[in-house]
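Bear in mind that the values here come from a model prediction, so they are computed numbers and not experimental data. Throughout, protein chains are lettered first and strands after them, A, B, ... in sequence-line order, and every chain is numbered starting at 1.
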Number of protein chains: 2
Amino acid sequence: MKPQEASECCGPIDDLLDAELFKALGEPTRLKLLSCLAKCGRPCSVTELTECCAVDFSVVSRHLSLLQKAGVLTATKEGRTVFYAVRYKHLTEAFRALAKSIEDCRPKRRSAKK
Amino acid sequence: MKPQEASECCGPIDDLLDAELFKALGEPTRLKLLSCLAKCGRPCSVTELTECCAVDFSVVSRHLSLLQKAGVLTATKEGRTVFYAVRYKHLTEAFRALAKSIEDCRPKRRSAKK
DNA sequence: TGCATATTTGCGTCGACATGCAAACTTACC
DNA sequence: GGTAAGTTTGCATGTCGACGCAAATATGCA
């Protein structure tokens, strides 16, 4: 069987392999922001999060916006301040589902029993 | 507590947020290659995998090499042919661990309010 | 040795993106 | 209204990476 023909042999891995999500997480500054936000355990403002990394606050603003678009964070505006928070449940479920779909693709060794 | 000071409140999320891995997965062509390889369920050669996507085989070779460096694939040379295979177990465990560390960071709602 | 197959590597090009700065925009407070 | 604080956006710059092509390398076979 050719690789490109194997389209139905396992779970919805294509839907779970989200390039936008991985691209969003594949940048050190954004990863640092996510880490700070996750460990802090509460919503933080752009200004607060700027203290986490050594870039301009405008850069932080863009990174946070991108992480929100990718489904990693939520944004809530209160007055002049925007609070970003980690989408814990969403991320946890996404990675668990991905892990399972990869696991399900793994060919089981066919020994005596099926 | 400032975001950058919250360093010990939860699991080893920093070690699990691997920029190299996410960067490797944050590219559509590489994601397609991984998907083809995972669904195929057996090791495939560079030439075979070139049929999966619309780029030159030299590009595919570079992508596969990068995916190997990132810990996504293994490479085994047999004669002139290099067979790439998905590291199912490794990826599954990595994503499960990441999911757990994110989940552990999630603040539990405190019964009485403090 | 000579040739074919499979893959890697060097190189040039082009587009995407991270960054900083300044300006614009939004909201709160006087 | 006017000013300050918080954030977003426009713009210019520099870097990185995906791509194709050609050349080089490695291996198998006659």
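Look at OH on B:Tyr84: it is 15 Å from P on C:dA6, rounded to the nearest Å.
Within residues 72-82 of chain A, the residues approached by DNA chain D to less than 4.0 Å at the level of any non-hydrogen atom are A:Arg80, A:Thr81, A:Val82, in residue-number order. Within residues 53-71 of chain A, the residues approached by DNA chain C to less than 4.0 Å at the level of any non-hydrogen atom are A:Ala54, A:Val55, A:Asp56, A:Ser58, A:Val59, A:Arg62, A:His63, in residue-number order.
The closest side-chain heavy-atom distance from B:Pro43 to B:Thr76 is not below 4.5 Å.
With sequence neighbours excluded, no residue satisfies side-chain hydrogen bond (donor to acceptor under 3.5 Å, both in side chains) with A:Thr74. Partners of B:Thr92 according to the side-chain hydrogen bond (donor to acceptor under 3.5 Å, both in side chains) rule, which considers only residues two or more places apart in sequence or in another chain, do not exist here. With sequence neighbours left out, B:Glu103 forms a side-chain hydrogen bond (donor to acceptor under 3.5 Å, both in side chains) with A:Arg96. In this view, A:Ala70 and A:Glu20, A:Ala24, A:Val72 satisfy the side-chain contact (heavy atoms from CB on, under 4.5 Å) rule, not counting sequence neighbours. Legend: residues meeting ring pair (Phe, Tyr, Trp, His ring centres under 6.0 Å) with B:Tyr84, ordered by chain and number and at least two apart, are absent. When the side-chain contact (heavy atoms from CB on, under 4.5 Å) test is applied to B:Ala19, the partners found at least two apart in sequence or on another chain are A:Leu31.
Across all non-hydrogen atoms, the minimal contact from A:Tyr88 to A:Ala38 is OH-O, 3.2 Å.
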Using a cutoff of under 3.5 Å, can you pull out all pairs of nitrogen or oxygen atoms linking the protein to nucleotides 14-16 of chain C, with atom names and distances?
none

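Classification of B:Arg42 and B:Glu48 as a salt-bridged pair holds, one side-chain N sitting under 4.0 Å from a carboxylate O. A salt bridge links A:Lys39 with B:Asp14; the closest basic N to acidic carboxylate O contact falls under 4.0 Å.
Screening residues 14-69 of chain B for ring-ring contact (aromatic ring centres under 6.0 Å, His included), with sequence neighbours left out, gives no hits. Among pairs with a residue in residues 59-81 of chain A, none fulfils salt bridge (charged side-chain N to carboxylate O under 4.0 Å, His left out), at least two apart in sequence or across chains.
Dashed line: the shortest gap from a side-chain N or O of A:Thr29 to OP1 or OP2 of C:dA18 is not under 4.0 Å.
For DNA chain D, the span of nucleotides reached by chain B at under 4.0 Å from its heavy atoms goes, 5' to 3', from D:dA18 to D:dG28.
Partner B:Cys52 forms a side-chain contact (heavy atoms from CB on, under 4.5 Å) with one of B:Thr50, B:Val55, B:Leu49 and no other, that one being B:Leu49.
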